[in-house]
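Working notes for the structure below.
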Amino acid sequence: MEKIKGALVVGALRLVAALPWSWVQGLGAAIGWLMWKLPNRSREVVRINQAKCFPELGAAEREALLGRTLKDIGKTFTESACAWIWSPQKSLALVKEVEGLEVLEAALASGKGVVGITSHLGNWEVLNHFYCNQCKPIIFYRPPKQKAVDELLQQQRVQMGNRVAPSTKEGILSVIKEVRRGGAVGIPADPEPSEGSGLFVPFLGVQALTSKFVPNMLAGHKAVGVFLHAIRLDDGSGFKVILEAAPEEMYSKDPEVGVAAMSRVLESYVRRWPSQYMWSMKRFKKRPAGEPRWY
């Protein structure tokens, strides 16, 4: 049964990837609209997260943001199907603008390991192709539950000559070794870690358990940090990749200073493009002692 489910999922991805780009965008928006209008768990998670993070918005403003968010989440799904199935060159053609490329070039020329830091904002699958076209990093990721999908992603994500590392003990060690030898890695910094691997720091006005992994690798300037995001353009034609140097605080040997600084940068991007964040993640599942659960 698992094999059948996996084959159906991969078949659906291939069908989406065969559509014209405008149809891919339209299908994604339609899926998101259905998620907005029909009762489902993802909609309620988005609603809870945005109510906590944007308390200043009125009910009508928050509902409008919810609708835009779910449509953008739908687009992320269909766009990602294309990024997984298409050739990397076809996906790279969707990058219409690049801001801050000199930051990555300087980091790569520094002779130190480079830590590419991103979050679940915009489209990280297109971003992977862009980043891997600039260097040959190890991309850190959480394997999907479907084995067939995981196998597809492992094949597609290494087409540029890079490698991937699952979020296992072995994967974490391979990422650390790559940075120590002066190589490049790419890490999504916003998934909620285990309590022993993170610290509670402010994110959009609330305490969020945030990983110490990236700041620990940068501490004491042992490596160079670069933030990367691929933001969806308003006209739906493609993406703008934005690169930014990690702030000096992220190189602090005090983990709390480094983690808080990383969280502030990620927050600044989410505030600029709030509907493009993957608010359907249970980002705030773990709460500080004594605080009730959100979900």
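Each residue takes its place number in the sequence, starting with 1.
No donor-acceptor pair under 3.5 Å is formed between the side chain of Glu79 and the backbone N or O of Asn123. When atom types are taken as modelled, the side chain of Arg43 and the backbone of Gly67 share no donor-acceptor pair closer than 3.5 angstrom. Panel note: side chain Ser263, backbone Val259; no donor-acceptor pair is recorded below 3.5 Å. With Glu291 contributing its side chain and Pro288 its backbone, the two residues share no donor-acceptor pair below 3.5 Å. Although no hydrogens or angles enter the test, the distance criterion places a donor-acceptor pair under 3.5 Å between the side chain of Trp279 and the main chain of Pro274. Proximity of a side-chain donor or acceptor of Lys222 to a complementary backbone N or O of Asn216 within less than 3.5 Å is detected. Counting only distance, with no hydrogens or angles, the side chain of Trp86 and the backbone of Ala17 share a donor-acceptor pair below 3.5 Å. Using modelled atom types, no side-chain atom of Lys136 and backbone atom of Asn133 make a donor-acceptor pair closer than 3.5 Å. Remark: side-chain polar atoms of Arg283 are paired, donor with acceptor, to backbone N or O of Leu209 under 3.5 angstrom. Judged by distance alone, with hydrogens and angles left aside, the side-chain atoms of Gln276 form no donor-acceptor pair with the main-chain N or O of Leu121 at under 3.5 Å.
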For Glu102 and Glu105, run side-chain contact (heavy atoms from CB on, under 4.5 Å): C-alpha distance rounded to whole Å, both residues' side-chain angles, the deciding distance at 0.1 Å, then the answer.
CA-CA 5 Å; Glu102 68 279 0; Glu105 291 172 339; 4.3 Å; yes
Dump the intermediate steps for side-chain contact (heavy atoms from CB on, under 4.5 Å) on Glu244 and Val103, then the final yes or no.
CA-CA 6 Å; Glu244 177 182 352; Val103 172; 5.9 Å; no
Begin from the C-alpha positions of Tyr295 and Ile48 and carry the test side-chain contact (heavy atoms from CB on, under 4.5 Å) through to its verdict.
CA-CA 8 Å; Tyr295 315 112; Ile48 290 167; 4.1 Å; yes
Verdict with reasoning, Asn49 to Tyr277, per side-chain hydrogen bond (donor to acceptor under 3.5 Å, both in side chains)
CA-CA 11 Å; Asn49 286 342; Tyr277 192 59; over 6 Å; no
Is there a side-chain contact (heavy atoms from CB on, under 4.5 Å) between Phe130 and Leu101 once you walk through the steps?
CA-CA 11 Å; Phe130 176 86; Leu101 182 59; 4.0 Å; yes
Going through the distances and angles, do Asp235 and Ser237 end up as a side-chain hydrogen bond (donor to acceptor under 3.5 Å, both in side chains)?
CA-CA 6 Å; Asp235 63 5; Ser237 64; 2.7 Å; yes
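The shortest distance between side-chain heavy atoms of Arg287 and Pro292 does not fall below 4.5 Å. Within the 4.5 Å cutoff, side-chain heavy atoms of Leu94 are placed close to those of Trp21. Contact check for Thr78 versus Gln25: no side-chain heavy atoms found under the 4.5 Å cut-off. Counting only heavy atoms from C-beta outward, the side chains of Trp294 and Val206 approach each other to under 4.5 Å. Under the 4.5 Å side-chain criterion, counting only non-hydrogen atoms from C-beta, Met217 is in contact with Ile187. For the pair Leu243/Val98, a side-chain contact is recorded, criterion being any heavy-atom separation below 4.5 Å from C-beta on. Residues Ile172 and Phe213 form a side-chain contact, since some pair of their non-hydrogen atoms from C-beta on lies under 4.5 Å apart. Between Met250 and Pro247, some side-chain heavy-atom pair lies under the 4.5 Å cut-off.
In terms of heavy-atom proximity, Glu97 sits nearest to Leu233 at OE2-CD2, 3.7 Å. The minimum heavy-atom distance between Pro193 and Ser197, with the atom names listed, is CB-CB, 4.1 Å. Nearest heavy-atom pair, Val24 versus Cys82, reported as atom, atom and distance to 0.1 Å: CG2-SG, 3.7 Å. What you find for Thr210 and Ala189 is that their closest heavy atoms are CG2-O, 4.5 Å. Closest non-hydrogen pair, Pro88 versus His129, comes out as CB-ND1, 3.8 Å. Between Gly116 and Leu228 the shortest heavy-atom distance is CA-CD1, 3.3 Å.
Between Lys212 and Glu256 there is no salt bridge, since no side-chain N of the basic residue sits under 4.0 Å from a carboxylate O of the acidic one. Of the charged side-chain nitrogens involved, none lies within less than 4.0 Å of a carboxylate oxygen, so that Arg41 and Glu44 do not count as a salt-bridged pair. Between Glu192 and Lys282, no side-chain nitrogen of the basic residue sits less than 4.0 Å from a carboxylate oxygen of the acidic one, so the salt-bridge criterion is not met.
Residues Leu218 and Leu199 are members of separate hydrophobic clusters, defined by side-chain heavy-atom contacts under 4.5 angstrom among Ile, Leu, Val, Met, Phe, Trp and Tyr. One hydrophobic cluster holds both Leu27 and Val126 under the rule that ILVMFWY side chains link at heavy-atom gaps under 4.5 Å. Residue Val175 is grouped with residue Leu108 when hydrophobic side chains (ILVMFWY) are merged at heavy-atom distances under 4.5 angstrom, including chains of intermediate members. Residues Phe200 and Leu266 do not share a hydrophobic cluster, clusters being chains of Ile/Leu/Val/Met/Phe/Trp/Tyr side chains in contact below 4.5 Å. Following chains of ILVMFWY side-chain contacts shorter than 4.5 Å, one cannot reach Val201 starting from Val214, and the two form parts of different hydrophobic clusters.
The distance from the OG atom of Ser211 to the CE atom of Met262 is 6.0 Å, given to the nearest 0.5 Å. Ile139 CD1 to Cys132 SG: the interatomic distance, rounded to the nearest 0.5 Å, is 4.0 Å. The CD atom of Glu125 sits 5.5 Å away from the CH2 atom of Trp84 when rounded to the nearest 0.5 Å. A distance of 9.5 Å separates NE2 of His229 from CD1 of Ile117, quoted to the nearest 0.5 Å. How far CG of Asp190 is from OG1 of Thr118: 7.5 Å, rounded to the nearest 0.5 Å. Separation of atoms CG (Asp72) and OG1 (Thr76) is listed at 6.5 Å; rounding is to 0.5 Å.
Shown here is Lys253, whose NZ atom has no more than 12 heavy atoms of other residues, nucleotides or ligands within 6.0 Å. For Lys96, the NZ atom sits in a packed shell: over 12 heavy atoms of surrounding residues, nucleotides or ligands are nearer than 6.0 Å. The local environment of CZ in Arg181 is crowded, with over 12 non-hydrogen atoms from other residues, nucleotides or ligands closer than 6.0 Å.
The aromatic rings of Tyr251 and His221 lie parallel to each other, with less than 30° between the two planes, well short of the 60° mark. The aromatic rings of Phe227 and Tyr269 lie parallel to each other, with less than 30° between the two planes, well short of the 60° mark.
In this structure, Arg232 is not positioned above the aromatic face of Trp273 in the sense of NZ or CZ being under 6.0 Å from the six-membered ring centre and within 45° of the axis.
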